[in-house]
Amino acid sequence: MSEMEKVYNPAEIEKRIYADWEQSGDFAPQGDGQPFALVIPPPNVTGALHMGHALDETLQDILTRWHRLLGDNTLWVPGTDHAGIATQNVVERKFAQEGKSRQELGREKFIEEVWRWKEEYGGRITSQLRLLGASCDWRHERFTMDEGCSRAVREVFVELYKKGLIFKGSRIINWCPRCHTALSDVEVEYEENAGKLWHLRYHLADDAKKYLVVATTRPETLFGDTAVAVHPADERYQDLIGKEVVLPLTDKKIPIIADEYVDREFGTGVVKITPAHDANDYEVGRRHKLPVVVIMDTSGILNENAPLRYKGLDRFAARELALTDLEEKGLLDSIQDYQNKISKCYRCHSVLEPSLSPQWFVDMPKLAEPALAAVRSGKIKFYPDRWRKVYFDWMTNVREWCISRQIWWGHRIPVWYCECGEQLCSKDPPQKCPKCGSDKLRQDEDVLDTWFSSALWPFSTLGFPDATDDLRKYYPTALLVTGYDIITFWVSRMIALGLEFQKDIPFHKVVIHGLIRDEQGRKMSKSTGNAVDPVELIKEYGADALRFTLASMVTAGGQDLKLAVSKVVAGRNFMNKIWNVARFVLLKLADNKFAAEKSLADEWILSRYQQAIQKTDTALHNFYFGDMALKLYDFVWSEFCDWYIEMSKLGLHKETFLTVFNGILRLLHPLTPFITEEIWAKLGNPGKIITASWPRVDKSLLNPAREKKMATVIEFIKAVRNIRAEMNVAPAKKADVVVLYSQAETAAALSEAKQYIQQLAGVEKIDLVDKLAAKPRNAAHAVIGGAEVFVPLDNLIDLQAEIARLGKEKDKYQAEIDRVKRKLTNKGFIEKAPQEVIDNEKAKEKTYIEKFKIVEGQLKALTAD
RNA sequence: GGGCGUUUAGCUCAGCGGGAGAGCGCCUGCCUUACAAGCAGGAUGUCAGUGGUUCAAUCCCACUAACGCCCACCA
């Protein structure tokens, strides 16, 4: 046992304790308990800890620490993601500041620089996770581009290639003209846009006086038009199908075709077809064997396929110029306001350009069925269950997954091309072409989507492609905790690839939580400037406070969480409360004066404590983190501190006291690991709390009779306190109380609790009587279950105030009586409600009437004076 | 166009068939020797609206409204 600082200082405690855990190997799996593994959703190596991570990691750490206390063989694998585009962007930006481009550096040199950057800054996020208290096994730490993960990536790629589940093909993909790469469908963000719908005139080739009006949101793409289309059954245009129009601003002639794709109701029912720059148009073009004219380069700059005047212009400048030109030539028919959605890059928010290009794809539709079945059958469960639907919807309509990226930082595609045209896919670089024998092989320039390696994370981190002990022991992992925003990005792909390569699910449970938002409910982002930095909060209030606060906001329904600093303050205040009650414990232990036997309060708190264990267990089993936090908050503050500790000041039973307090520390440990570890040591407990054992419910300590007795005592103390406060009795002034009881039970409880009452209600003398010759005069009055309470107030009583107070009380009882009476006189209720409910209502009626009469009597007595 | 969610005290949110709750804020009184980051007491709600089911609805069902999110190739 040792001294405790008067002031709770989380910064010092947390740093020291974490270092000790890590150095002592407390995070490593221990014992021969049931394996419990989880893999961390790898944060971006370039990143800094944000609130989303803080929440994710807190929840996972709660589960990890809980299972460790339960005695499971617990492994939490940490790691970071190379985050291809994001990292490359960051490093490129750094070079741009020095006036250098990655092209100048060259691929090899650039990648070297990214690695150097990663070595320098990659530790930031993991050190921030340590600040938070994450009890991951750092000796298992992995990086998506480390040797093992890279081998796993090549293995998976080659196997899928062999099975035809990975292939190369030309498609219209989402192209980011700023990042210069293709993106997958889920990497596109859609944004509402107040745009225009421009109506353009396309004149008929054989009759310059006539024209068709074509509606478009993207006039600059008209140079890539290779047809205009109408609906085959559209009466308006029957005679025009097969004819030609002149493409505005050019002298090109393009056909008028008929295709079902066209919606007759929309605009004029005439659509320009631009196969190279629109996915739908591309399909139409294929059906009609239209030429594909690409009019932009990879930066969105118009190329030689546009008229000379436009060549070299950015797509947005080209739009402006085209509109001016069209207007001038009288080809701009009309302009409408038009609300549509534009697609943007999820990394740099540039407007994407749908572009035709050769890319690599994973045949997700083929991998989807087993992945769907695993969830449908309940093998994998979602918490809350409703998120299954998002998974099903996405997986059922899943499309080919574009996995090639035209950047440099990432896993290079393990495919080589020979000058003879042969395409070789191999885990290791091939020396010669097996077909022509040439050694002039060129590796594919592209790298893989970052999410490709993330999808392998549950087994690549455990040793795949080798058949390791870890893989055998910990796969499938226990569960995954993540926000709903990456169900499509990550969860679905892990399930699909896990099943394909391990023939088993990657995890049994998927725990989905809401997203952190600011006080107004807006998404937190750097650009909005509303992001709250968890590291700052930890510095100011401590990791325990932040963890407690985050966990307490997680609801069973998985709603988004609005974070306000005031909530973290409340969390910190709770830590402070725990800190101070620990100081009180130490003081009392140092006094070395203990009660010989358990008191009413002891038996009461032991019973309440069993229920606290039960509630905590239930909450954790269901992943109701908020419930867990709030139930413990309530038990510790409102029951243990407010009542038990206060009562124990009269005489403390050491064993009870320590049982409950040490139990509280262990129940809280998953939520607030640092403070509980610190106090655990200060109390002189053996070992560390991180490797202690989880409290078990001892049913023999449940004691409903004592709880009922305490309830009476608490009701009484509150009644007296209320009188004192309302009647302005000076806090220091002791009062005498007369209790006229009608139930022996109540009298017994109050008699047993006499000392508590004196201590907590400021009472000196307490008279328990079952008869009263005359009711005390000049006394404030209250009624509790089974007794009437009089607090004589000498001259202090304000008669009018007391009358008002009692009148209010009388009205309250009257309302209750009315309500209960309505029920009891309802024939349907008496006939159909369960007997238990009816009895309950009858009992209520009786006590309310009793109380009402007492108050009424008292009121009459006062007003008669 | 589909789907999901939310609407409860001034604010943030729990509760989800039988007496409306918490934290913060507010009012009153207290430095009571663990804690003023605290203690004690108090005020505050047509539980979004309308209908239905039920003996009984904040809770279940239907519709309506407002707000928010996700998905979808309508130029």
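Throughout, a chain's letter reflects where its sequence line sits, starting with A, and its residues are numbered from 1.
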Report yes if at least one side-chain N or O of A:Asn722 is closer than 4.0 Å to OP1 or OP2 of B:G42; otherwise report no.
-> yes
Separation of the C1' atoms in B:U58 and B:U7, to the nearest angstrom = 12 Å
Within the structure shown, what part of the strands sits under 4.0 Å from A:Lys272 by heavy-atom distance: base, sugar-phosphate, or nothing?
-> nothing
May I ask you to say what A:Asn826 touches in the nucleic acid, namely base, sugar-phosphate or nothing, with a heavy-atom cut-off under 4.0 Å?
-> sugar-phosphate
Distance test, side-chain N/O of A:Arg399 to OP1/OP2 of B:A72, below 4.0 Å | yes
Sugar-phosphate only, base, or nothing, as touched by A:Lys844 at under 4.0 Å among non-hydrogen atoms = base
Expected string for nucleotides 27-32 of chain B under the B/S/- scheme (protein heavy atoms, under 4.0 Å, primed atoms plus P, OP1, OP2 as sugar-phosphate) is ------
B:C4 phosphate, OP1 or OP2, under 4.0 Å from A:Tyr484 side-chain N/O = no
Residue of the set A:Met647, A:Lys649, A:Lys718, A:Gln755 for which side-chain contact (heavy atoms from CB on, under 4.5 Å) holds with A:Leu760 = A:Met647
Would you say a side-chain N or O of A:Arg522 is under 4.0 Å from OP1 or OP2 of B:G68?
-> no
So what does A:Trp198 touch, heavy atoms closer than 4.0 Å: a base, only the sugar-phosphate, or nothing?
-> nothing
Expressed in whole Å, how much space separates the C1' atoms belonging to B:C60 and B:A66?
-> 23 Å
With a 4.0 Å cut-off on heavy atoms, is A:Thr274 in touch with a base, just the backbone sugar-phosphate, or nothing at all?
-> nothing
Would you indicate what A:Glu283 reaches in the nucleic acid, counting non-hydrogen atoms under 4.0 angstrom: base, sugar-phosphate, or nothing?
-> nothing
Under a 4.0 Å heavy-atom cut-off, which of residues 567-579 of chain A touch RNA chain B?
-> A:Lys567, A:Ala570, A:Arg572, A:Asn573, A:Asn576, A:Lys577
Whole-Å P distance, B:C13 and B:A72 | 28 Å
Could you tell me whether A:Val390 contacts a base, only the sugar-phosphate backbone, or nothing, with contacts defined as non-hydrogen atoms closer than 4.0 Å?
-> nothing
In residues 640-649 of chain A, which ones come under 4.0 Å of RNA chain B, going by heavy atoms?
-> A:Cys641, A:Asp642, A:Ile645, A:Glu646, A:Lys649
For A:Lys823 and A:Gly828, take the nucleotide of RNA chain B holding the closest heavy atom to each; which residue's nucleotide lies nearer the 5' end?
-> A:Lys823
Passing candidate, salt bridge (Lys or Arg N to Asp or Glu O under 4.0 Å) with A:Lys851, options A:Glu816, A:Glu715, A:Glu845 | A:Glu715
Would you classify A:Arg386 as touching base, sugar-phosphate or nothing, given that sugar-phosphate means primed atoms plus P, OP1 and OP2, and contacts are heavy atoms under 4.0 Å?
-> sugar-phosphate
When all nucleic acid strands are considered with a 4.0 Å heavy-atom cut-off, which category describes A:Tyr338: base, sugar-phosphate, or nothing?
-> sugar-phosphate
How is A:Glu265 classified with respect to the nucleic acid when contacts are heavy atoms under 4.0 Å: base, sugar-phosphate, or nothing?
-> nothing
Determine the Euclidean distance between corresponding P atoms of B:C67 and B:G25; express it in Å to zero decimal places.
-> 32 Å
SB check A:Glu764 A:Lys734 (cutoff 4.0 Å) | no
Hey, which sits more toward the 5' end of RNA chain B by its nearest nucleotide, A:Leu587 or A:Gly269?
-> A:Leu587
How about A:Tyr346 and A:Phe489: are their ring centres within less than 6.0 Å of each other?
-> yes
Do NZ/NE/NH1/NH2 and the carboxylate oxygens of A:Lys341 and A:Glu191 come within less than 4.0 Å?
-> no
